[in-house]
Amino acid sequence: MTRQHSKLSPSAKGSTAVSAMTSFWGLMSAYWISERWKEAWSLTVSIFLLTAFISKTTVWVAEASGHLMNSIVNVNSAPVQNPLLLVATHAGVLILLMLAKDVCLVGFRHFLSTTLHRKWRKWLNDRFSNALLDRNHTHFHLQQGRGVDLPDNIDQRLQESIKGMTGGAIGLVMGIVGVVLSAFFVGQKLIEISTEVEGLEVLGSYGGALLAFAAIIIYVPIGTYIAITIGRRLERLNLGMQKAEGSYRGEWTTLLRRSFQISASQGENVQRSVNKRLYKDVDGTWNKLNRFDAAYLAFSQAYGFMSNRIIAYIPGLMPYMSGAVSFRNYVTGAELVAAMINDCSWFIQVMPAIANLRANAGRVMGLAQAIENVQEPTEFYARSGVNRFQFSTQHPRFGLSIRKLALMQSADSDVPFLRSGLINIHEGDWVYMKGASGSGKTSFIKALNGFWAYGSGHIIYPENARTIYVPQEAKFPSVTLKQLVCLPDDEAQFNDLGVAAILHQAGLGEFIHRMNDMDADGSPWDMVLSGGQKQKVMLARILLHKPSIIFLDEATGALDPQAKMDFHTALKQQCPNAMVISIMHEDRLPTLENGENVYSHVLEIVDGYVSLHPVGFPKPNHLPLIAAE
């Protein structure tokens, strides 16, 4: 990792890419008031216009259906020369209207709504990706705090929750618009063909319409209540299924990454038991979900049959039996009632998706709020434990200073496991860290780089210092080899010839001809390169950027003795004035080919205290300092 020192300091809390999305309406409206507002509104308005036209077409379909049924009933008594031609004509008109409505209009509206879904989701994904992968290392801090509200399953929130939320919201709005327009157009037609009903003479010709509206008002809420009852259970089971599958998928991802270690330790039986335990949760939740899905499907089928074949024909039955309406108008009215019930029942039809809208939105809002909380890491960690780290700068002649560093293991710790007094490291100092395993060497380097959550101390960097931190285990993103060497800068800033020379110097000359390939032999570079080759990639990155401060955490552990010597020789030649702090587990300190010591100083950890002294000199007595502190 390479960066300027200014990025080490806790960032000033400010606006992030998701600042406006911590509330429900802020999250829902963000896309429509963003820089992509023209795209969002053009798709939205187009969908609304198509929905309006579909609602109007529903009235025409109902009228055509009434004409068809009337011509069939009167086929033997109608005063026309060719009644079959009349039936065929009405059938043809109905088919054309249905094709225009269900194939063209509904199909095109579905395409536009899915396009809006895709673009809205991509916009949200980009915003959250930018917020998580900022210079504040938000993605890292969100996984380090303790005792505070941290989002679980961040990957699931980014993938499944955003997708479910956007799809559910679009379905909800389309349903509301459809209901309003259907109530207007269909209701208008019902009133137009309404007739007087015996017993409701006081309403005049609106009696028939009142019966139709009454049937809808009574039937739809009953069905909606049943749908909500089942849907609440479906919501909990769907979220439980997401978590169970996320855990199972995550375990397989981790397993494939550590495949060699499992094989070498013959740990397949243990891993099999872990997978079996995790999949048991998947299977059990799936079983419950299938039962409720089946119940919901049975209910929706029965509800649809009752709507179209029973309820729709009840309101107009009395006027038809009394002769107040013709058969054609009776069928037309029944079709209109069925259409309105169907439109008003959109909530029932999309209940499984809508049931998850609030839950998914809540998970997305929770992630946005967590991102906001992490913008000031010091305040974030201080809410759960001790965090009093200070980062500042000084004139380069004073080098790197560490004052009274104290590191706590966790938020619950009261006593530091590692302490220091005053440590000064100057330009050209090569410092070797020494201490027992688990004494805190890696923690010390993490703290200097702002990656330790709990503790205190003052870290003072040289002004405009550029640093590189090489962690114990190198993990690479799926990019080209040239990009890996150029990180964090853009590869376009470096020409191929210069990068090729660096690769050769780092001992990776065999890969020069493929350095612009995204992978090697079909696999990412992270999977192809050996541990030693990854460490040479990190060496190439250092040689390319020539930082002023280099942190090495077992950066040569996978190299053979000659490669280790070459590693240090290259650093000495290319970065002669750099400060180097290195953790190594070696019996003897490395030397150059001429026998010269590579390291000039030792940072030694004894009894939880770290102190600096020159190589070959006895370590200073720190006990009085500890007592004084």
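We're numbering straight along the sequence, starting at 1. Every heavy atom of this structure was used, including side-chain atoms; hydrogens, water molecules and symmetry mates were not.
For the pair L133 and H139, the tightest heavy-atom approach, listed with the atom from each and the gap, is CD2-CD2, 3.8 Å. Across I502 and A540, no two heavy atoms sit closer than the pair CG2-O, 3.3 Å. Nearest heavy-atom pair across T393 and I460 is C-CG2, 3.7 Å. Nearest heavy atom pair, residue V499 against residue C486, reads CG2-SG, 4.1 Å. For the pair V282 and A244, the tightest heavy-atom approach, listed with the atom from each and the gap, is CG2-O, 3.5 Å. Between L27 and A361, the shortest heavy-atom distance links the atoms CD2-O, 3.9 Å.
Between the side chain of R388 and the main chain of G457, no donor-acceptor pair closer than 3.5 Å is present. Formation of a donor-acceptor pair under 3.5 Å by the T556 side chain with backbone atoms of L559 is not found in this model. At least one donor-acceptor pair closer than 3.5 Å links the side chain of K534 to the backbone N or O of D526. In this structure, S161 contributes its side chain and R363 its backbone to no donor-acceptor pair below 3.5 Å. Side chain of H395 to backbone of R397: a donor-acceptor contact under 3.5 angstrom is found. In this structure a side-chain-to-backbone donor-acceptor pair under 3.5 Å is missing from Y454 to D412. Within the 3.5 Å criterion, the main-chain N or O of V18 finds a donor-acceptor partner in the side chain of T16. A donor-acceptor pair is defined here as one N or O able to donate and one able to accept, closer than 3.5 Å; such a pair exists between the side chain of Q535 and the backbone of A558. Under the 3.5 Å distance criterion, the side-chain polar atoms of H568 are left unmatched by any main-chain donor or acceptor of A563. Proximity of a side-chain donor or acceptor of H613 to a complementary backbone N or O of H601 within less than 3.5 Å is not detected.
Looking at heavy atoms from C-beta onward, L612 lies in side-chain contact with V431 at the 4.5 angstrom threshold. M408 has its side chain out of reach of S456: every pair of non-hydrogen atoms, C-beta onward, lies at least 4.5 Å apart. Residues Y248 and R277 are not in side-chain contact: their nearest non-hydrogen atoms beyond the backbone lie 4.5 Å or more apart. You'll find the side chain of L529 reaches within 4.5 Å of the side chain of V537, heavy atoms only. Looking at heavy atoms from C-beta onward, W525 lies out of side-chain contact with V479 at the 4.5 angstrom threshold. Residues L571 and I542 meet the side-chain proximity criterion, which asks for heavy atoms closer than 4.5 Å. The shortest side-chain heavy-atom distance between P547 and T467 does not fall under the 4.5 Å cut-off. When side chains are defined from C-beta on, F511 counts as touching R514, because their heavy atoms get closer than 4.5 Å.
Within a 6.0 Å radius of NZ in K475, more than 12 heavy atoms belonging to other residues, nucleotides or ligands are found. Within a 6.0 Å sphere centred on NZ of K546, heavy atoms belonging to other residues, nucleotides or ligands number more than 12. More than 12 heavy atoms of other shown residues, nucleotides or ligands fall within 6.0 angstrom of atom CD in Q472.
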Item to complete: For E372 and S19, run side chain to side chain donor-acceptor pair (under 3.5 Å): C-alpha distance rounded to whole Å, both residues' side-chain angles, the deciding distance at 0.1 Å, then the answer.
Response: CA-CA 7 Å; E372 287 296 294; S19 293; 2.9 Å; yes

Discussion item. Would W452 and S443 count as a side chain to side chain contact (heavy atoms under 4.5 Å, CB included) here? Give the steps.
Written reply: CA-CA 7 Å; W452 195 260; S443 303; 3.3 Å; yes

Discussion item. Pair M433, E604 - check side chain to side chain contact (heavy atoms under 4.5 Å, CB included), show working.
Written reply: CA-CA 6 Å; M433 284 207 73; E604 187 170 6; over 6 Å; no

Discussion item. Let's go through H426 and F398 carefully: what are the C-alpha distance in whole Å and the side-chain angles of both, what is the deciding distance for ring pair (Phe, Tyr, Trp, His ring centres under 6.0 Å) to 0.1 Å, and is it a yes or a no?
Written reply: CA-CA 7 Å; H426 298 282; F398 299 112; 8.2 Å; no

Worksheet entry | CA sep, side-chain torsions, deciding dist, call: R466, D489, salt bridge (charged side-chain N to carboxylate O under 4.0 Å, His left out) | CA-CA 13 Å; R466 187 175 177 88; D489 296 335; 3.0 Å; yes

Discussion item. Quick one, Q533 with E510, criterion side chain to side chain contact (heavy atoms under 4.5 Å, CB included). Give me CA distance, side-chain angles, the key distance, then yes/no.
Written reply: CA-CA 11 Å; Q533 289 170 332; E510 61 189 290; 4.0 Å; yes

Item to complete: Applying side chain to side chain contact (heavy atoms under 4.5 Å, CB included), run through V615 and Y432 and close with a yes or a no.
Response: CA-CA 9 Å; V615 171; Y432 169 81; 6.0 Å; no

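Considering CG of N275 and CZ of R272, their distance stands at 9.0 Å, rounded to 0.5 Å. Atom CD in Q483 sits 4.0 Å away from atom CD in E491 (nearest 0.5 Å). Atom-to-atom distance recorded for K482:NZ and I512:CD1 is 12.5 Å, nearest 0.5 angstrom. One finds the CE atom of M518 at 11.5 Å from the CG atom of L481 (value rounded to the nearest 0.5 Å). Put simply, CZ on F567 and OG on S582 are 8.0 Å apart, with the number rounded to the nearest 0.5 Å. Atom CZ of F128 sits about 7.5 Å away from atom CG of L158, to the nearest 0.5 Å.
The aromatic ring centroids of H458 and F391 lie 6.0 Å or more from each other. Between Y31 and W123, the gap from one ring centroid to the other is short of 6.0 Å.
With salt bridges taken as basic N to acidic carboxylate O contacts below 4.0 Å, none links K441 and D553. The residues D560 and K536 are annotated as not salt-bridged, no charged nitrogen and carboxylate oxygen being separated by less than 4.0 angstrom.
Checking D134 against T138 by side-chain atom types alone, a donor-acceptor pair falls below 3.5 Å.
Residue pairs meeting the salt bridge (Lys or Arg N to Asp or Glu O under 4.0 Å) criterion with at least one partner in residues 562-581, sequence neighbours excluded, are K564-E586.
Listed by chain and residue number, R258 satisfy the salt bridge (Lys or Arg N to Asp or Glu O under 4.0 Å) test with E251 (two or more places apart in sequence, or in another chain). Judged as a side-chain hydrogen bond (donor to acceptor under 3.5 Å, both in side chains), and not counting sequence neighbours, the contacts of S401 are Q394, N424.
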